[in-house]
Asker: 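Can you read through this structure? Questions will come right after.
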Amino acid sequence: PRSPSRHFAVWEDPYPKPSYLFALVAGDLGKVSGTFQTASGRQVELNVYSEKENVDQCDHALASLIKSMQWDEERFGLEYDLSLYNIVAVNDFNMGAMENK
């Protein structure tokens with residue numbers, strides 16, 4: 001039921017994927033951002049989100065992400081094919097995950 005105190009959002013993912021590759025993160029987070037230019041010249045937006053008091057510790061993660069994306073291209077000849085790459089690193093989530101699409 002609709003009411004003035006509730007709202008909703010509709011989002012359509014243009015890239016079909018298994019549901020286990022989807023995450024919903026909510027909180028008052030800060031971020032560090034950067035870009036990566038693929039071998040073909042496309043710009044990929046990069047973001048590392050964390051609690052605001054920890055954002056100053058995210059620069060290494062962003063730099064490592066850029067190096068790893070370049071290494072993947074050089075080693076395997078494959079470009080990252082989306083326009084966005086987000087990482088979330090928070091204190092209260094102690095599980096690790098790595099997925100490759």
Side-chain angles (χ1 to χ4, degrees):
R2 292 184 182 214
S3 77
S5 64
R6 303 188 98 184
H7 68 277
F8 69 94
V10 176
W11 177 67
E12 291 186 33
D13 187 348
Y15 304 101
K17 64 183 68 64
S19 60
Y20 71 91
L21 290 178
F22 178 81
L24 175 66
V25 179
D28 188 17
L29 304 176
K31 69 176 179 175
V32 294
S33 298
T35 58
F36 175 74
Q37 183 172 318
T38 66
S40 68
R42 279 186 320 101
Q43 292 292 318
V44 178
E45 178 185 347
L46 310 175
N47 298 297
V48 180
Y49 293 88
S50 189
E51 292 92 351
K52 291 179 180 178
E53 65 269 18
N54 296 330
V55 168
D56 62 337
Q57 300 176 46
C58 295
D59 291 328
H60 178 73
L62 182 62
S64 296
L65 174 58
I66 292 169
K67 288 180 181 179
S68 68
M69 292 177 82
Q70 177 147 14
W71 182 86
D72 279 350
E73 283 192 355
E74 292 170 358
R75 176 71 172 95
F76 300 109
L78 298 172
E79 282 190 10
Y80 183 72
D81 59 346
L82 303 177
S83 60
L84 178 64
Y85 194 120
N86 290 322
I87 294 175
V88 178
V90 292
N91 290 332
D92 294 330
F93 184 75
N94 63 0
M95 305 295 277
M98 174 59 190
E99 297 294 344
N100 300 301
K101 56 180 205 72

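Here the structure is a predicted model, which means the values were calculated and not measured.
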Asker: Within the structure provided, determine whether K31 and V55 are in side-chain contact (heavy-atom separation under 4.5 Å).
Answerer: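 They are not in contact (no side-chain heavy atoms under 4.5 Å apart), so the answer is no.
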Asker: What do you reckon, are the aromatic ring centroids of Y85 and Y80 less than 6.0 Å apart?
Answerer: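 Yes, close enough.
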Asker: Locate the shortest heavy-atom distance separating M69 from L46; write the atom from each residue and the value.
Answerer: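 Residues M69 and L46, closest heavy atoms: SD-CD2, 3.7 Å.
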Asker: Please name the pair of heavy atoms, one in E53 and one in N91, separated by the smallest distance, quoted to 0.1 Å.
Answerer: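 In this case the closest contact between E53 and N91 is OE2-ND2, 4.4 Å.
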Asker: Write down the atom of A89, the atom of S50, and the distance for their closest heavy-atom approach.
Answerer: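 Answer, listing the atom of A89 first, then S50: O-OG, 2.7 Å.
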Asker: Can you confirm whether the side chains of S40 and E79 place a donor and an acceptor under 3.5 Å from each other?
Answerer: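 Side-chain D/A pair, S40 to E79: present.
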Asker: Cluster question for you: counting only ILVMFWY and a side-chain heavy-atom cut-off of under 4.5 Å, with indirect links fine, are Y49 and V25 together?
Answerer: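 Yes.
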Asker: OG1 of T38 to CG of D72: how many Å apart, nearest 0.5 Å?
Answerer: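 Answer for the OG1-CG pair, T38 versus D72, is 13.0 Å.
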Asker: Within this structure, what is the CD-OG1 distance for the pair E45 and T35, rounded to the nearest 0.5 Å?
Answerer: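 Nearest 0.5 Å value for the CD-OG1 distance: 9.0 Å.
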Asker: Please give me the minimum heavy-atom distance between L62 and S33, naming the atom from each residue.
Answerer: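 Between these two residues, the closest heavy atoms are CD2-O, 3.5 Å.
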Asker: Measure the spacing between NZ of K67 and NE2 of H60 and express it to the nearest 0.5 Å.
Answerer: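 The distance works out to 7.5 Å.
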Asker: So which heavy atom on D81 is nearest to which on R42, and how close?
Answerer: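 So the two residues come closest at CA-NH2, 3.5 Å.
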Asker: Quick one, V48 and D59 - any side-chain contact, counting heavy atoms below 4.5 Å?
Answerer: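 No; the side chains remain at least 4.5 Å from each other.
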